[in-house]
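Proteins get letters first, then strands, A, B, ... in listed order; numbering begins at 1 in each.
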Amino acid sequence: MLSRLSSAKIRPLARNLPRRPSQTAAPRDTSRDNHEGRRQQTMKHLMETRVRDAIEKAMASGALLPGEIPGVVVEEPKSEDHGDYATTVALAMAKTWKMPPRNVAGILLAHFGNDDGLFSRLEIAGPGFLNATVAPSAWADVLHTVHSLGSEYGKNTLGAGQKIMVEFVSANPTGPLHVGHGRGAAVGDAMANILRHSGFDVTREYYINDSGRQIRTLGRSTYLRLKELAGQTVEFPGDCYQGDYIREIARAVREETPGILSMDEDAAVMLCARRAADIILEGIRQDLCDFGVTHDIWFSEQSLYDSGAVDAALESFKQTGQVYLKDGAWWFATSALGDEKDRVVIRQNGLTTYFASDIAYHQNKYARGFDKVIDVWGADHHGYIPRLAAAVEASGIARERFSVILVKLVNLLRGGEQVAMSTRSGEFVTLREVMDEVGPDMARFIFLSRHHESPLDFDLEAAKSQEKDNPVFYIQYAHARIASIFKLAGERGIPMFREKEPSARLLTEPEETRVLKKMAQYPEVVERAALFQEPHRVAFFLTELAALFHAFYNQHRVLTEDPELCRARLYLAEGVRVLVHGGLSLLGVKAPEHM
RNA sequence: GCGCCUGUAGCUCAGAUGGAUAGAGCAACGGACUUCUAAUCCGUAGGCCGCAGGUUCGAGUCCUGCCAGGCGCGCCA
């Protein structure tokens, strides 16, 4: 049914927001370094800088062959035994510098600046890694940053103020939203939040397919149900919408317009279509609202016909010859721009195709000043991407400015049994029902805790049976626990931490350091989620942060006798709370004070 | 047939630019609450990363071929 919500990706488009950061990482990094203060300097960047400095010094002293400074790779080793950061530059450059990797690493180590004692341990390991362990007390700076920035912590400047539109859901107004739309809604909304956090000026838009055959079918379905209500026996065709909601709409139309059946049939069907679409759209709007999704703009497809935009677009392409007449139909020459074949825009019968209005629609988007446009589609529409990308390019818009997030459809199960899903047949589980059963938070988190391109089995029974034991509550519980600590601290009159808590340097227990290290990763997680268009990264980060906090909580007391340590730990707890709250809000999930 | 996506622990899924001993949750088993919320924690067990080649000092990750599943291939949306 839904055209847009259904989804796939294609090679050229993957360039929109590159999957490989290498394409943007280098320029991004340097530009950032030039904007002191606009970005949040992370521990990882400090490490990168020092490695680079070591290379420069080694080259200057003649220990290394002089030449271009290579891109420095700093990674976070999986095992704590390998320190907090490791660089593989010695391995990568061994050939260029004509020296065994371990020797290169040794030279880097000898030139590594650590006068301030930022690193408590530096060593060469394995085939030529240079491992560095940050002094536990140095992590306190991360916490100061979190506190001074508050909910701003984690923001980045990737977008640099560019206007970006995320068009998502865009379900046809022919029936209620189902779970598949829910996934698209959750992904699109979270993506929009993450992009806003990454410096984009974001607009959420819903494209209403209120034109075309399906709307006429909707009108006809409603009209036939109206006849039924009037006691007439009608044959209800299989290609009409079977769902019970059509009957309800028919009743509403009969109340509003009692004489409708005595009207001219064409006019009556048209009226039915318009009313049915309005009623359904209002329901969709309400469902989305309860799901926590609000679109800034609801854009009507019909308006593109009414304003002449579709005709104008086609006409201009006829002028250039990119739209041409063949076999009685008008074709768009998309194959010249990467599509498999040319596509029809005006059929033999004179009616335009969906593609025709989509061309005008996308021209309209850019004409409104958007630098970038992201469409969120269901994966079954992936074959549609090349032709639309071709149309965008033919319209004089750089291909990188258009991208599509494909969301795999949801495989809905109930107790292991697959639930059939088809709007036309009327057999489907609505988003509304899912929200009623498991709650919007649970539903959103399930949608967002997997890569959007991996298939999703959503078992309603399993979700409910996990009532008390699931990742959403796990994260929310961490938030509630912290809130509870502060409530008790307030009741006991325990003095709160100061603006920049000096005793944060007391947080040197392994469990505390692990929490701080995780907090330090947050800005990069948000940035990567934006860069790769992968909101699930935030969900996984939050689970990890919550786990580390729970582990800390079980091992150490926050409200302890030592007043300095107590303040430091409150300071830590509040930092975690800020991140959990902020991260959950990116995902559109509530962060409760108590559970 | 062609194209795209997916294939990692019994189940659901992560896995960063190609890095060191592949991770988490659920399920299973064994422990931890007179102490800030046990919706938690600690531990044990669980793996030819679909298969086979290739590139590389190094491959779950890149290349090629194959297998399995999903989706697409319309003058539908």
Note, RNA chain B 5' to 3' with Watson-Crick or G-U pairs under 3.5 Å encoded as ( ), [ ], | and . gives (((((((..((((.....[...)))).(((((.......))))).....(((((..]....))))))))))))....

It should be established whether Y384(A) places a side-chain nitrogen or oxygen under 4.0 Å from OP1 or OP2 of nucleotide G74(B). no

Under 4.0 Å: is that the gap between some side-chain N or O of R347(A) and OP1 or OP2 of A77(B)? yes

Taking RNA chain B as the partner, which of residues 481-495 of chain A come within under 4.0 angstrom of it by heavy atom? R481(A), S484(A), I485(A), L488(A)

Do F317(A) and Y324(A) have ring centres separated by under 6.0 Å? no

Is it the case that the base of A77(B) and the side chain of H381(A) share a donor-acceptor contact (distance under 3.5 Å, atom types as modelled)? yes

Taking atom NE2 of H581(A) as the centre, report whether more than 12 heavy atoms of other residues, nucleotides or ligands fall under 6.0 Å from it. no

Verify the contact: side-chain N or O of K78(A) to OP1 or OP2 of G23(B), cut-off strictly under 4.0 Å; return yes or no. no

Check ion pair R514(A)-E80(A) (N to O, under 4.0 angstrom): yes

Is there a side-chain contact between Y85(A) and the phosphate of G19(B), meaning an N or O under 4.0 Å from OP1 or OP2? no

Just wondering, do H82(A) and A20(B) stack (centres under 5.5 Å, planes under 30°)? yes

Any chance the side chains of N156(A) and E524(A) put a donor and an acceptor closer than 3.5 Å? no

When V344(A) and H594(A) are each assigned the nearest nucleotide of RNA chain B, the 5'-most assignment goes to H594(A)

Of the candidate nucleotides A39(B), U35(B), A20(B), which contains the atom at the shortest distance from the side chain of R557(A)? U35(B)

Report yes or no: is the ring centroid of Y474(A) under 5.5 Å from the six-membered base ring centroid of G25(B), with the two planes under 30 degrees? no

Does A14(B) have its OP1 or OP2 closer than 4.0 Å to a side-chain nitrogen or oxygen of S454(A)? yes

Donor/acceptor link under 3.5 angstrom from D358(A) side chain onto base of A77(B): no

Apply the ring-ring contact (aromatic ring centres under 6.0 Å, His included) test between W377(A) and each candidate in Y207(A), F168(A), Y384(A); give the one that qualifies. Y384(A)

Mark this stacking check for H451(A) against G15(B) as yes or no, applying ring centres under 5.5 Å and ring planes under 30°. no

For R569(A), is there an ion pair with E512(A) - N to carboxylate O distance below 4.0 angstrom? yes

Would you say K341(A) reaches G3(B)'s phosphate, i.e. side-chain N/O to OP1/OP2 under 4.0 Å? no

